[in-house]
Amino acid sequence: MNLHATPILKSLACAAVLGFALTGCTNTGTTTGGSGGGSETPEGTQQSVASAEGPTCSIEDYGAEKIDLKDAVVGFSQSEKEDNPFRIAETQSIKDEAEKLGVKKLITTNAQSTLSKQISDIQDMISQGAQALIVAPLNSDGLEPALQAARDKNIPVITIDRKVNATACEDYVTFLGSNFVEQGKRAADQLIEGTGGEAKVAILLGSSGNAVTTDRTKGFKDQVAAEAPGIEIVAEQTGDFARDKGQSVTEQLLQANPDITAIYAENDEMGLGAQAAIVAAGKTPGEDIQIYSIDGTRNAVEQITAGSYNGVIESNPRFGPLAFQTLVDFMDGKPVGQDIIIADSEYDPSNAAERVNSAY
Amino acid sequence: MSTVTSAVRLPQKGSALVFLQRYGVYLAIALLLLFNLFFTPNFMTIDNFRVQFIQVVPVLIVALGMALVIGTEGIDLSVGAVMALSAAVIPLYIGYGPLPAAILAVLAGCLIGLANGTMIALIGVQPIVATLSLMVAGRGIALLVADEQLKSVIDPGFLALGRGTIAGVPYSVLLALILVGLVAVLVNRTTFGKQLVSIGGSRRAAELAGLPVKRVLITIYILAAALASIAGIIQTARLSASVPSTVGNLIELSAITAVVIGGTPLSGGQVKVLGTVAGALLLQLIAASLIKHNVPDAYSQITQAVIILLAVYLQRGKAVLK
């Protein structure tokens, strides 16, 4: 063995060099890439406002300086790594819209899911001369130093998709985003309709301690309790918004409760994991066990068209047009809503084939 | 007189402890199986055990490499990042076929092992520091390679690794069994295995005895990375998607726990291959039992922490006895 160790090591090293050399000749074959990266936004996918009632905020109220976006530097702070379709589509949408409007310069940063990095990202963008900021907050709390830095220079901040615990029109201008409780409620409605109000349901929760998880769970459970006494929730376990965890947890749940007839997953990735688990258990997804989830990713919507997935409530990530429209209105001196809730659409077997191109 | 009584008492006290250390993990598995037999519906079915074995494979394979590393008194925190890198490489080369893609994925992972081994053996960086740096950097590289995106993998030959079976036994489980056998032979039947254990026992003594310490250490870290890469490949096949951001997250903790529960001391000098297998199975059974009984996430985390504490406490007893 002594004598053999050296050649083994050498061959490994050679192979490693070979590996490097080969990176130039990738061959992805039949693999399909993540679908969110496409730069063209299909028709009819633009966000629309569901409700913008309540107090408004104008440029005088906030005390910002009027600027023309065509000469302005705008900063966008993304919160999470762009390895999930939602984040990819969100950033792409902001970039596309900035280009379309002819914004002089758009600085984009990604906090890689680290709060301290998002704070320094925002501070950096301010020191690079950002005159308006669009922020996708990582957390509801903790961004105060960054918001304060923007406030000190009277830079307007528009927050998207997650709401921060701060005062609108004072610490930031406005919030644009979905109503997560409503999403859960609508998923419940789809499930009630699809199962005829009789089902044994397992819930795949999102990450523990996340406001999105709490809201999507509350909306779903309240609606089921109110509308469908025949639906029993037999299990609820976290799948951490991840496909692999969704798959392994569903495998366990199906073993322990073979009578489960429907799955509610709080995002598409876990739903797709559950689908794989159902197949592995020898059952037919979409028929023996129905699957409902929230997000509207292309992968999940395509499964509806294939008949092995039952419903998806959209959480529209394309904030670009609405965020910049809000910014333009704000700069024009029009009052903008402090709480702009966007309208999310939904996919079911009746519309999935026709609308799959609007999935992200 | 007093010496006699203490001589009588010590082995008794010691033997109970030794028994727990040596067989505690098997006892725990037996108890859990018994519990589930009575309190978990549909537990004692072939399908259920197939699910448990399929799910345990990635942790088990990573734990095998971890056992080797811990045997040298080292630690490898970068295994999750290695899994992510190998997962990220797969979709890039799957066009050449499943096997070339898998080989390249393992090679990419081995590069991280080589970096670990070089830092530890040649430069003298502490294992926990060296592998921590690659735990962070490795996942970054993986995300770069993958263009930070999830990619579906649909090559049927490759997916068979995650789904195919021979006589009801999944390929992945079969592969894991083969790897267990190979590692067991490596540890117990080869000079290399003896060298590994002596380095763990005392690196200084091994050096003085003229053993090729540096070479063995580098090889061990490369082996650990190769095993982690295989785990990454299996996980990718099972998910039918390469998800470098989440694959292998926190798996280093499960792997270390499996190794320690299995009776390999963190202080090195011993490698218990069968114990490691049992340790991984125990963790899997605990997770399964908690999910099947719909225990909320917070309580599952606490339960798992208590079990890990208990295992480490028993290990501490072993160090005292030694």
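Just so you know, these numbers come straight off a predicted model, no measurement behind them. So you know, we letter chains A, B, ... as the sequences are listed, proteins then strands, and number each from 1.
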Considering only heavy atoms, which portion of Q52(B) lies under 4.5 Å from any heavy atom of chain A: side chain, backbone, both, or neither? side chain

Using the ring of each side chain (for Trp, its six-membered ring), is Y96(B) parallel, tilted or perpendicular to Y93(B), with breaks at 30° and 60°? parallel

Among D47(B), T40(B), V243(B), N36(B), which has the most heavy-atom pairs under 4.5 Å with chain A? D47(B)

Of the non-hydrogen atoms in V356(A) and E302(A), which two are nearest, and what is the gap between them? CG2-CG, 3.7 Å

Out of P258(A), A277(A), G246(A), return the one with the most heavy atom pairs under 4.5 angstrom to chain B. P258(A)

Tell me, for A288(B) versus chain A, whether the close heavy atoms (under 4.5 Å) come from the side chain, the backbone, both or neither. both

Assess the side chains of T72(B) and Y221(B): does a donor N or O sit below 3.5 Å from an acceptor N or O? no

Can Q303(A) and N299(A) be counted as having a side-chain donor-acceptor contact under 3.5 angstrom? no

Would you mind checking which part of T45(B) comes under 4.5 Å of any heavy atom in chain A, side chain (CB onward), backbone (N, CA, C, O), both or neither? side chain

Tell me, for V234(A) versus chain B, whether the close heavy atoms (under 4.5 Å) come from the side chain, the backbone, both or neither. backbone

Contact class of I103(B) relative to chain A, heavy atoms under 4.5 angstrom: neither

Shortest non-hydrogen contact from S79(A) toward N110(A): O-OD1, 3.9 Å

Hey, do the aromatic rings of Y299(B) and H293(B) have their centres closer than 6.0 Å? no

Interface residue of largest heavy-atom contact number with chain B, from S208(A), S248(A), A242(A), under 4.5 Å: S248(A)

R50(B) versus chain A, the contacting section by heavy-atom distance below 4.5 Å: neither

Between Q252(A) and Q55(B), is any side-chain donor less than 3.5 angstrom from a side-chain acceptor? yes

